[in-house]
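Comments concern the structure below.
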Amino acid sequence: MKLRMVILLAVFAALPATVLAAGNAKEGKEAFAAHCQMCHGPNGEGNPALAKMLHATIPPLGSKAVQSLTDAQMKEVIEKGKGKMQPIQGLSAADITNVIAFVRTLGKK
Ligand code: HEC
């Protein structure tokens, strides 16, 4: 009886947190199209012409190497840039969470 209460409480306590933490991939797709697609391509495969122009290698976002980044690491790449990628301006914290949720869908193909 007591245990059941504890489990119930734990479930209710965890629910809003997961709902808030999980980004919305659908909205992320729009933000991705506006802020990332010109370099990363619509499906994250990378834009070869842009890579050439930047003299950079753009890793496919669906690749194991990119998908193995944690959400926090991805956020840092977006906010602070990495290598040839400049920090991305104009995204709210929610946008970034949603974009990351979208990037995660690219790894599931
Ligand atoms: C101006 C072009 C450009 C834009 C815009 C851009 N990126 Fe990138 N991105 C790059 C390049 C170039 C790299 C490779 C960086 C390197 O290692 O030199 C990269 C790498 C990455 C990586 C892999 C980092 C790693 O550790 O391997 C992620 C994840 C990423 N970008 C996500 C995003 C997201 C999400 C957006 C949009 C919010 C975005 N990028 C917008 C050019 C861009």
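Quantities reported herein were computed from a predicted structural model and do not represent experimental measurements. Indexing begins at 1, ligand by ligand and atom by atom, following the structure's order.
Counting heavy atoms under 4.0 Å from ligand 1, residue I100 does not touch it at all.
Note: S63 OG to L106 CG = 10.0 Å, rounded to the nearest 0.5 Å.
The two residues A25 and T105 have their closest heavy-atom pair at CB-CG2, 3.8 Å. Residues N47 and I58 share a closest heavy-atom pair of O-CD1, 4.2 Å. Shown here for S68 and A65, the closest heavy-atom pair between the two residues is OG-O, 2.8 Å. Residues L50 and M38 come closest through the heavy atom pair CD1-O, 3.4 Å. Looking at every heavy atom in both residues, F32 comes nearest to V99 through N-CG2, 4.0 Å. Minimum interatomic distance between K75 and I100 (heavy atoms only, all atoms of both residues): N-CD1, 3.8 Å.
Although no hydrogens or angles enter the test, the distance criterion places a donor-acceptor pair under 3.5 Å between the side chain of N98 and the main chain of N24. Distance alone, capped at 3.5 Å, is enough to place a donor-acceptor pair between the Q67 side chain and the V103 backbone.
Per-residue contacts place L91 under 4.0 angstrom from the following atoms of ligand 1 (heavy atoms of the residue considered): 38 (C). Taking every heavy atom of L69 and a limit of under 4.0 angstrom, the matching atoms of ligand 1 come to 25 (C), 26 (O). For ligand 1 and K84, the ligand atoms under 4.0 Å from any heavy atom of the residue are 12 (C), 15 (C), 16 (C), 18 (O). Near V99, meaning under 4.0 Å from any of its heavy atoms, are these atoms of ligand 1: 35 (C). Listed by number with element, the atoms of ligand 1 under 4.0 Å from a non-hydrogen atom of A56 are 12 (C).
The tally of protein N/O/S atoms under 2.8 Å from atom 8 (Fe) of ligand 1 stands at 2.
Close N/O approach between T57 and ligand 1 is not found [any backbone or side-chain N/O within under 3.5 Å].
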Only pairs under 3.5 Å count here: list side-chain donor-acceptor contacts from residues 80-95, not counting sequence neighbours, and write none if there are none.
unit_1, atom_1, unit_2, atom_2, d
K84, NZ, H55, O, 2.7
S92, OG, A94, N, 3.4
S92, OG, D95, N, 3.0
S92, OG, D95, OD2, 3.2
D95, OD2, S92, N, 3.0

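Considering only non-hydrogen atoms, atom 5 (C) of ligand 1 lies nearest to H35 out of H35, Q67, M53, Q37.
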